[in-house]
2 protein chains.
Amino acid sequence: MQEVDAEVFKALSDANRLKILSMLSSGEICACRILEALDITQPTLSHHMKILSGCGLVTVRKEGQWSYYSLDRARLDQLKEFLGSL
Amino acid sequence: MQEVDAEVFKALSDANRLKILSMLSSGEICACRILEALDITQPTLSHHMKILSGCGLVTVRKEGQWSYYSLDRARLDQLKEFLGSL
DNA sequence: AACGTTCATCGACACCTATCTATATCCAAT
DNA sequence: ATTGGATATAGATAGGTGTCGATGAACGTT
């Protein structure tokens, strides 16, 4: 229960990942666009996206050689609900 | 900006600290009560409380030899606002 | 088939974290 | 003053995390 929420909060506990989520809040974005904006290397971005999608905060859509990421609003609502319960 | 939020989310990214916050949601509690409920040692609890108060999520009220902790709702609202902006 | 681009994985490294035991500090009561 | 209980601090340790460079895999174009 709290372990699950803790995992999602851990995903949110990095400034770069928060920036990524902030970008995704405007809608679906290609990974390459995120990479341009973030001053990290491509493997590091890949690592962050794995964490974000691993806890269900974002979803991936593969199209050819590109990966398009988008927010999972339902997962976000779960978090808001948890905070609201405090 | 995102660095500040990241720090608070990091504070939330531990199951024991989430349990503590959950207990505090019912109102002010003495540290010794939290200790009874958590299956960790007293120094570890002290460590967690330092993190939670360090990022402004909880406040302390010292009374004699006891420490009473309570939630800072304003800080929580800040977080909800951030999640809402996504 | 060969090349270039996008993304993922591997291995390494410095740093951080949760936890413990041991000890110190502070306060109240004897 | 001394004892006892509550909390904080110090030091140690095992495991986790963000980052990188190097490399691999998949895809489209020439």
Side-chain angles (χ1 to χ4, degrees), chain A residues 1-24 27-72, chain B residues 1-24 27-72:
Chain A
M1 197 69 158
Q2 261 122 346
E3 283 75 13
V4 180
D5 288 317
E7 188 198 356
V8 185
F9 283 127
K10 193 184 300 179
L12 292 169
S13 71
D14 177 90
N16 278 323
R17 288 197 289 268
L18 289 188
K19 286 179 197 163
I20 293 171
L21 292 179
S22 189
M23 292 183 69
L24 293 182
E28 193 185 61
I29 298 188
C30 179
C32 57
R33 298 286 303 275
I34 305 177
L35 184 58
E36 293 173 354
L38 273 195
D39 204 39
I40 56 179
T41 65
Q42 179 271 321
T44 299
L45 175 62
S46 193
H47 167 71
H48 287 313
M49 298 320 292
K50 192 171 187 176
I51 289 176
L52 287 174
S53 56
C55 71
L57 275 176
V58 313
T59 57
V60 204
R61 181 175 66 86
K62 306 253 182 185
E63 184 174 329
Q65 49 200 138
W66 290 280
S67 293
Y68 292 90
Y69 290 95
S70 42
L71 268 182
D72 187 323
Chain B
M1 197 67 155
Q2 261 123 346
E3 284 76 11
V4 178
D5 288 317
E7 188 198 354
V8 185
F9 283 126
K10 193 184 300 178
L12 292 169
S13 71
D14 178 271
N16 279 323
R17 288 198 287 270
L18 289 187
K19 286 179 196 163
I20 294 172
L21 293 179
S22 189
M23 293 184 68
L24 293 181
E28 192 185 62
I29 300 188
C30 179
C32 57
R33 300 285 303 275
I34 305 177
L35 184 58
E36 293 172 354
L38 273 196
D39 204 40
I40 56 178
T41 64
Q42 179 272 319
T44 299
L45 175 62
S46 193
H47 167 71
H48 287 312
M49 299 319 292
K50 193 171 187 176
I51 289 177
L52 287 175
S53 55
C55 70
L57 275 176
V58 313
T59 57
V60 204
R61 181 176 65 86
K62 305 255 183 183
E63 184 174 329
Q65 47 201 141
W66 292 279
S67 294
Y68 292 90
Y69 291 94
S70 42
L71 268 182
D72 188 324

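Within every chain, numbering begins at 1; the chains are lettered A, B, ... in the order of the sequence lines, protein sequences first and strands thereafter. All values derive from a computational prediction rather than experimental measurement. No hydrogens, no waters, no symmetry mates; every other heavy atom, side chains included, goes into these values.
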Q. Less than 3.5 Å between a donor and an acceptor, one on the side chain of Q42(A) and one on the base of dA8(C), is that the case here?
A.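 Indeed, a donor on one side and an acceptor on the other fall under 3.5 Å apart.
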[N], OP1 or OP2 - any side-chain N/O from [X] closer than 4.0 Å?
{"X": "T41(A)", "N": "dC20(D)", "answer": "yes"}
{"X": "H48(A)", "N": "dT17(D)", "answer": "no"}
{"X": "K50(B)", "N": "dT7(D)", "answer": "no"}
{"X": "T44(A)", "N": "dG18(D)", "answer": "no"}

Using 0.5 Å steps for rounding, measure from the [atom1] atom of [X] to the [atom2] atom of [Y].
{"X": "T41(B)", "Y": "L35(B)", "atom1": "OG1", "atom2": "CG", "result": "8.0 Å"}
{"X": "Y69(A)", "Y": "R33(A)", "atom1": "OH", "atom2": "CZ", "result": "15.5 Å"}
{"X": "T44(B)", "Y": "Q42(B)", "atom1": "OG1", "atom2": "CD", "result": "8.5 Å"}
{"X": "I34(B)", "Y": "I40(B)", "atom1": "CD1", "atom2": "CD1", "result": "9.0 Å"}
{"X": "D72(B)", "Y": "L52(B)", "atom1": "CG", "atom2": "CG", "result": "11.5 Å"}
{"X": "M49(B)", "Y": "L24(B)", "atom1": "CE", "atom2": "CG", "result": "5.5 Å"}

Can you tell me how far [atom2] of [N] sits from [atom1] of [X], to the nearest Å?
{"X": "L45(A)", "N": "dG21(D)", "atom1": "CG", "atom2": "C1'", "answer": "16 Å"}
{"X": "M49(B)", "N": "dT7(D)", "atom1": "CE", "atom2": "P", "answer": "10 Å"}
{"X": "L35(B)", "N": "dA8(D)", "atom1": "CG", "atom2": "P", "answer": "11 Å"}
{"X": "I34(A)", "N": "dA8(C)", "atom1": "CD1", "atom2": "P", "answer": "10 Å"}

Donor-acceptor list for residues 12-21 of chain A side chains, cut-off 3.5 Å, not counting sequence neighbours:
from, atom 1, to, atom 2, distance (Å)
S13(A), OG, K10(A), O, 2.7
D14(A), OD2, N16(A), N, 2.9
D14(A), OD2, R17(A), N, 3.1
R17(A), NE, A11(A), O, 2.6
R17(A), NH1, H48(A), ND1, 3.0
R17(A), NH2, K10(A), O, 3.2

(Q) Please classify the nucleic acid contact of H47(A) as base, sugar-phosphate, or nothing, using heavy-atom distances under 4.0 Å. (A)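 The answer is base, as H47(A) lies within the cut-off (heavy atoms under 4.0 Å) of a base atom.
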Q. What is the minimum heavy-atom distance between E7(A) and G54(A), and which atoms define it?
A.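 For E7(A) and G54(A), the tightest heavy-atom pair comes out as OE2-O, 4.3 Å.
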Q) What parts of residues 51-69 of chain A reach DNA chain C, counting only heavy atoms under 4.0 Å away? A)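 Contacts with DNA chain C under 4.0 Å: K62(A), Q65(A), W66(A), S67(A), Y69(A).
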Q. Is atom CZ of R61(B) surrounded by more than 12 heavy atoms (other residues, nucleotides or ligands) closer than 6.0 Å?
A.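 Count over threshold, so yes.
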Q.
Among residues 7-21 of chain A, which ones have heavy-atom contacts with DNA chain D below 4.0 Å?
A. K10(A), D14(A), N16(A), R17(A)
